[in-house]
There are 2 protein chains.
Amino acid sequence: MKKTLPTIKEIAKQLNISISTVSRALHDHPSIGLRTKTRVQELAKQLQYEPNQTAIFFQQGKTFTIGVILPELSEAFFSSAISGIEDAAHKSGYTVLLGQSHDSVDKEKQLIETMKKHRVDGLLISISKNTNNYEHFEALQRYNIPIVFFDRIPKIPNIHYVACNMINGTVQAINFLLKKGHRIIGMINGPEKLPATKERLDGYIQAMIKSRLKYDAGLVLNSDLTKESVCAATEKLLTGKRKPTAIVTFNDYVAMDAVQQARKMKLKINKDICFVSYANLPISHYTAYPPMASVEQFPYQQGQKATETLIDLLQRKTNADNEAINTTYYKIILESQLVIHEGV
Amino acid sequence: MKKTLPTIKEIAKQLNISISTVSRALHDHPSIGLRTKTRVQELAKQLQYEPNQTAIFFQQGKTFTIGVILPELSEAFFSSAISGIEDAAHKSGYTVLLGQSHDSVDKEKQLIETMKKHRVDGLLISISKNTNNYEHFEALQRYNIPIVFFDRIPKIPNIHYVACNMINGTVQAINFLLKKGHRIIGMINGPEKLPATKERLDGYIQAMIKSRLKYDAGLVLNSDLTKESVCAATEKLLTGKRKPTAIVTFNDYVAMDAVQQARKMKLKINKDICFVSYANLPISHYTAYPPMASVEQFPYQQGQKATETLIDLLQRKTNADNEAINTTYYKIILESQLVIHEGV
DNA sequence: TAATTTTACGCAAACGCTTGACTTATTATT
DNA sequence: AATAATAAGTCAAGCGTTTGCGTAAAATTA
């Protein structure tokens, strides 16, 4: 068993040429003659030579690694996104250093430190639910490590991001319900401060107004996404003066809890009350009463697009080290889309 | 904006001392005087010095990175496992390079190449469904990159692995059903060649025999996990001469399909027919008819344990570079466990 | 006070590779 | 035939750290 791996030095010695010649030969440099070039390449193959990437990383000041920090891989949204990220990264020769924040700000900060230490070339981040201070991101500027945020993006100027616009999908969802004859449509939304919550509300209002229906604020309730608060909201909606015949829920988990509550109240799902949700569970159609339709937010594509954007940024950085790149920011918005489930 | 990050050379120059002194001072080396030590450390802090890890990686021939190759993060089992991996890795100062094979052998090989190029210190692998040639793993021996397999392990000798023994949990599952009064118990198992399938079968047989019930091979059917084959198996079981009153299914997906089929046949779930499954969906209790109980396989713990094992291997490697380490292999088996669901 | 130990630090090599600058043959140009 | 241009290499610096070894100066011992 060989103890030490072959290096270009080794090859150079065996062929009695200089290491720079070997290096250039392996890179097909024009100033090396065909003869020696093939000699080198053959010996390299024979010795199963492989360049020591750590040396190259070091020498080039690049690691061809991109760090990914996201809240929770067990959320289907993110496990889908990471596939998009991986695929796009590998396509350009990058690899993915992973870290989950589990929605903890401390963990997030810690991960950034680690990524910084490992000298990732760039960072892809979906921020934790509880992040409202952004210094730890800004600190990376100093290291010239670009960040592209995706899905959950901080509310600060001058950042690159990729996100999915929920307004459009929400409008489609409401229109779908209107077309089905529903006139009183409720919404169980998320935490008030979340941008995602606001977008859903905006879509709701927009759709109502365009259809010349008045917007009844009493029909839109916020929740903190816990089972209790969702059940409470559901109950409140279903016992109000204006009882909705359809409810749009913040996501599939909310939908499931709301369904449960409605059933507890002896309502027939899809008859007395219909649900439309935002897709995050691929198997939601296996659940007892799947939503009639869901708004799809294309996690795979978001991840992919974010990665492509980051890599683009990285290329530019190496090409032109000027300041101009710092002045323009990518803001990429994908459109969400309503998907109507089978048998509806 | 600083263009170049501070190095120890920089510090050395400013303090007019040698770089080796700086290096040692920062490492609290005993042969550096307290006076200079603090001077160095203070300047380092002031300049926000951070060691260039790529240089260190290179110099030490270690990257403090472990590669993880697994089939599919969108499977709850693996997204759980990766959390265990991450936590254990971070605890020891390692980071995680991620790659999904999506159950493709080619992708798996490719990932191994990438990981090798990136000079990961060690590898954690759960093999793809279709892998039946193991050369690409063996090739890593040459690079002295240890592998610990987890959950899905290749059938070759002389490997380290962590897996979960399903036999015990299966025995518990059967016993649970027996205690509930069931006497005819069916099983919808997985593909025949899978070790996971064999273990389930073994558990089934063991439990039956221990209870002095005869093992009826007609009650155990294999499936290839597709919806069609599961439905067919379910139908066959429920129309056979000996109709089971309970069925153990290979996993939660199988359970859902089987339930659907049973309902199609006008059977009342939990009355005419009961189901017990192997846990892989955290939200399975949200489904229409969740299984009465599931066999838990502790993905988080498996990931954690596998990582700890790998790191242990890595420590040994640096400590004693002898051959002895190559002669003993870790084979760690966790026990599965039956979890009885609420309201049963 | 001389000899010896200890303390505190500097020198320089090494890790493997890339690359700008320089050198020496060889071939082409006038 | 002298000069210029090209081809094919070589040299050596440099990337940032770590570390074995050497060595003054200071402290201890005899």
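Proteins come first, then strands; the chains are lettered A, B, ... in the order of their sequence lines, and each starts at number 1.
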For the residue pair [X] and [Y], does the interplanar ring angle fall in the parallel (under 30°), tilted (30 to 60°) or perpendicular (over 60°) class?
X	Y	result
Phe78(A)	Phe150(A)	perpendicular
Phe149(A)	Phe137(A)	perpendicular
Phe57(A)	His118(B)	tilted

Discussion item. Pairing donors with acceptors under 3.5 angstrom, does anything connect the side chains of Glu50(B) and Tyr143(A)?
Written reply: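 The criterion, which ignores hydrogens and geometry beyond distance, is satisfied for Tyr143(A) and Glu50(B).
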Worksheet item: Are a donor atom and an acceptor atom from the side chains of His102(B) and Ser104(B) found within less than 3.5 Å of each other?
Response: no
Round to the nearest Å and state the distance from [X] atom [atom1] to [N] atom [atom2].
X	N	atom1	atom2	answer
Phe57(A)	dG14(D)	CZ	P	24 Å
His29(A)	dG9(D)	NE2	P	12 Å
Leu26(B)	dT18(D)	CG	P	8 Å
Lys62(B)	dG16(D)	NZ	C1'	19 Å
Asn16(A)	dC11(D)	CG	P	11 Å
Gln53(B)	dC15(D)	CD	P	18 Å
Lys37(A)	dA7(D)	NZ	P	12 Å

Discussion item. Please evaluate residues Glu10(A) and Lys13(A) with respect to the criterion salt bridge (Lys or Arg N to Asp or Glu O under 4.0 Å), reporting the C-alpha separation (whole Å), side-chain torsions for both, the decisive distance (0.1 Å), and the verdict.
Written reply: CA-CA 5 Å; Glu10(A) 178 72 19; Lys13(A) 197 189 295 174; 5.1 Å; no
Worksheet item: Which nucleotide span of DNA chain C, 5' end to 3' end, has atoms closer than 4.0 Å to non-hydrogen atoms of chain B?
Response: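 Listing 5' to 3', DNA chain C meets chain B from dA8(C) to dG16(C).
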Response to the item:
Whether each nucleotide of nucleotides 19-27 of chain D has a protein heavy atom under 4.0 Å at its base (B), only at its sugar-phosphate (S) or at neither (-) is summarised, 5' to 3', as BBB------
Worksheet item: Mapping Ile17(B) and Ala55(B) to their closest nucleotides on DNA chain C, which lands nearer the 5' end?
Response: Ile17(B)
Fill in: Main-chain N/O of Tyr329(B) paired to Asn158(B) side chain as donor or acceptor, under 3.5 Å
no
Practice prompt. Give a yes or no on whether Lys107(A) atom NZ has more than 12 heavy-atom contacts from other residues, nucleotides or ligands under 6.0 Å away.
Written response: yes
Mind checking if [X] touches a base, just sugar-phosphate, or nothing, with heavy atoms under 4.0 Å?
X	result
Tyr49(B)	sugar-phosphate
Ile8(A)	base
Thr36(A)	sugar-phosphate

Worksheet entry | Glu50(B) or Ser31(A), whichever maps to the more 5' nucleotide of DNA chain D | Ser31(A)
Discussion item. Would Phe58(A) count as stacking on dC15(D) if stacking means ring centres less than 5.5 angstrom apart and planes tilted under 30 degrees?
Written reply: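 Taking the rule of under 5.5 Å and under 30°, the ring of Phe58(A) does stack on dC15(D).
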Worksheet item: To the nearest 0.5 Å, what is the distance between CD1 (Ile66(B)) and CG (Leu310(B))?
Response: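 CG of Leu310(B) is found 5.0 Å from CD1 of Ile66(B).
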